[in-house]
Amino acid sequence: MKCTAPFAWVLLLLVFCRFALADLPQPKDPLRQPAVILRETPPEYVVMYRTALQKPAELLRFLQQHVRFMSEHKDRFFQLDSGTGHRELDRLLYTLELLGEYGKPDLIPALERFIQQRQEQDDALTEYDVTIARLTIERIQLRAQGRAAYLASMIDWVRRGDKSYPDSVDAEGRQKRAGWLRVFLGAVALSRLKTPEAVPVLMEKQREVGIGFTLVRALAQFGDPRTQDVLGKEVTVFRAGTIAGMAELVRPLRPGEVDPAWAYWQMRTKGMNLSETVRTLVAALGGTGYRAWAGEVLEKIREPAIPLLMEAAKNPPGENPEQCQIEVTYLLGKLKANQMVPFLRELLRNAIRNARWRLSTQIASTLGDLGDASALPELIEAAREGDFHTQCSAVASLGEIGDPRAEPFLLDLLSTHPNGNVRFVAVESLAKLGTARSLAVLRARLSAEPESSIQGRIRVAIEQIERRTKR
């Protein structure tokens, strides 16, 4: 017994040191990395990846599935960013990526048949599909020449693929589809090879093409300190919604692919313990260095970040403390830090007293996320005294909390408030917490309400309350 106790303490110390010196949290499955900017890795893609490692020929069925899909949709208006269509196109792209990376020359006849089938279908996406399939055949042939030759070719694809190959530009010098697809597939290949000499090539090309988020995604896979500034800059300005129609840019994380925002913060916080990492992320919310989706990364860290977020809510760091306080307050709501409710109630009163409307709007929303009924007095005050945005946020939060004690106040707002937006939100909240006592007022207000959109919402609220009270 005397020997086991010291041994146990050594183990405990080792575990603590490992936690204290931890980088960003590691995923349970390395094939499904944390998604910050981009969509999560679909489970199907993990299966496809493992299939490619063992039996790449089995992926050919996805090519035939695509041929059938396009036959069924030939006469329909087709959009790249439509739900089903987008998923189908992305699966095809990933299938061809995997075949180019792991397929052997004996699969080339099947790819040539796919090309012939798509040419016979002759629809709006034929050129796109055929071009990628031909480039996939080229990749298989180049890989067969050995790793060195393949690496040199992929570097050349990135460097010159959009301007110096026979299919790069047309007779008038305009870039053809094969040109940018060659650069894209070359970047994907280099991101998997992870050879250091590819980094400056990708960085140079990224500067040349300007946006080039595909190249940023590739750079994120190297963990190379040379890429940190590029990633921080590009990730900070990136907004997925602005390029939602471009499937090659908003495709989900591939198995094992590191999200560019996550990769940036892994580099920026390398060697830091958990406390230092969180403090660095919080400071970025206040304008210290690149923001680079720091709030979303903190949300991924979850509970271990809460104590330091609470501290930052009280003493926000950075060049813009109020912005930091707003974003930290938002995160505390998402992470359900209910221990902060007393402080947030007081902070809301102070924000209203000092006309800090952006902050008061966020605090009111966070109190709704936390769902603590003790905040009713402050939320009612905010709905009375705040600016328009704070009022709407506070009224919505009363509905989220769902305490019937707010019912008389909401009915009064619906009947007397001059702003239609506030009245609309009041009805929304009444639909969630209203009792049978609300029905008479709502029916009377239905005929008195001048705005048709609010009339419609009152009708829905009446139906919801009637169903709920009859149970």
Side-chain angles (χ1 to χ4, degrees), residues 82-83 241 244 326 329-330 332-334 336 338 341 344-353 355-471:
S82 65
I326 289 169
T329 300
Y330 166 82
L332 289 169
K334 292 300 175 186
K336 303 300 181 186
N338 284 71
V341 169
L344 291 173
R345 291 171 61 190
E346 181 61 31
L347 188 62
L348 179 56
R349 286 194 292 268
N350 289 335
I352 293 172
R353 191 177 305 122
R356 298 172 65 191
W357 301 125
R358 291 177 61 239
L359 179 59
S360 63
T361 298
Q362 181 56 62
I363 298 170
S365 178
T366 295
L367 287 169
D369 289 336
L370 297 176
D372 192 320
S374 69
L376 255 62
E378 287 75 22
L379 287 172
I380 289 174
E381 178 188 354
R384 285 195 179 114
E385 304 297 334
D387 76 333
F388 160 68
H389 297 290
T390 300
Q391 287 180 331
C392 287
S393 181
V395 172
S397 289
L398 290 172
E400 291 300 316
I401 292 173
D403 193 311
R405 288 178 294 173
E407 184 179 35
F409 173 71
L410 293 172
L411 289 170
D412 182 62
L413 277 185
L414 175 61
S415 302
T416 63
H417 203 286
N419 190 296
N421 291 290
V422 175
R423 297 199 304 277
F424 187 92
V425 180
V427 179
E428 294 254 298
S429 292
L430 282 165
K432 296 175 181 178
L433 62 81
T435 67
R437 294 192 298 271
S438 294
L439 294 173
V441 179
L442 287 169
R443 292 188 183 109
R445 185 61 194 171
L446 189 57
S447 58
E449 173 57 52
E451 296 189 26
S452 59
S453 62
I454 302 176
Q455 291 173 2
R457 194 64 191 92
I458 291 173
R459 293 189 184 94
V460 173
I462 290 171
E463 292 174 2
Q464 290 177 315
I465 293 170
E466 286 178 336
R467 282 199 302 270
R468 188 166 61 247
T469 56
K470 286 178 181 178
R471 291 173 185 168

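Here the structure is a predicted model, which means the values were calculated and not measured.
Two residues are said to be in side-chain contact when any heavy atoms from C-beta on lie closer than 4.5 Å; D403 and L433 fail this criterion. Contact of the L410 side chain with the E407 side chain is not registered, since no non-hydrogen atoms from C-beta on lie closer than 4.5 Å. Looking at heavy atoms from C-beta onward, L367 lies out of side-chain contact with D372 at the 4.5 angstrom threshold. Annotation: side chain of I458 is in contact with side chain of I454 (closest heavy-atom distance under 4.5 Å). Side-chain contact between H389 and C392 is absent, with no heavy-atom pair separated by less than 4.5 Å.
To the nearest 0.5 Å, atoms CD (Q391) and OG (S360) are separated by 10.0 Å. Of the inter-residue distances, the one linking E378 atom CD with L347 atom CG reads 11.0 Å to the nearest 0.5 angstrom. The distance from atom CD1 of I401 to atom CG of L370, rounded to the nearest 0.5 Å, is 8.5 Å. Rounding to the nearest 0.5 Å gives a distance of 13.5 Å between CD of E428 and CG of L398. Note that the CG atom of L413 and the CZ atom of F424 stand 15.0 Å from one another [nearest 0.5 Å]. In this structure, CZ on R353 lies 11.5 Å from CD on E385, to the nearest 0.5 angstrom.
Closest of all the heavy-atom pairs between P404 and T435 is CB-CG2, 4.3 Å. Taking both residues in full, the closest heavy atoms of A396 and V425 are given as N-CG1, 3.5 Å, listed atom of the first, atom of the second, then distance. The shortest heavy-atom contact between I465 and L430 is CD1-O, 3.7 Å. Shortest non-hydrogen contact noted between R468 and G434 is NH2-O, 2.6 Å. When every heavy atom of P450 is checked against every heavy atom of R445, the shortest pair comes out as CD-NH2, 3.9 Å. W357 and G386 get closest at one heavy-atom pair: CZ3-CA, 3.4 Å.
Judged by distance alone, with hydrogens and angles left aside, the side-chain atoms of R345 form a donor-acceptor pair with the main-chain N or O of S374 at under 3.5 Å. Although no hydrogens or angles enter the test, the distance criterion places no donor-acceptor pair under 3.5 Å between the side chain of R349 and the main chain of E381. Put simply, the side chain of S393 gets close to the backbone of S365: a donor and an acceptor are under 3.5 Å apart. T366 places a side-chain N or O within donor-acceptor distance of the main-chain N or O of T329, the cut-off being under 3.5 Å. Put simply, the side chain of Q455 gets close to the backbone of E449: a donor and an acceptor are under 3.5 Å apart. Side-chain atoms of R423 come within 3.5 Å of backbone N or O of H417 as a donor-acceptor pair. No donor-acceptor distance shorter than 3.5 angstrom exists from the side chain of R358 to the backbone of I326, with no hydrogens or angles considered. The backbone N or O of D412 lies less than 3.5 Å from no partner atom in the side chain of S415, so there is not a single donor-acceptor pair.
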Is there a side-chain contact (heavy atoms from CB on, under 4.5 Å) between R459 and L446 once you walk through the steps?
-> CA-CA 8 Å; R459 293 189 184 94; L446 189 57; 3.8 Å; yes
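Looking only at atom types and distance, the side chain of T390 has a donor-acceptor partner in the side chain of D387 under 3.5 Å away.
Atom CZ of F409 has more than 12 heavy atoms from other residues, nucleotides or ligands within 6.0 Å. In R443, the CZ atom is crowded: over 12 heavy atoms of neighbouring residues, nucleotides or ligands sit closer than 6.0 Å.
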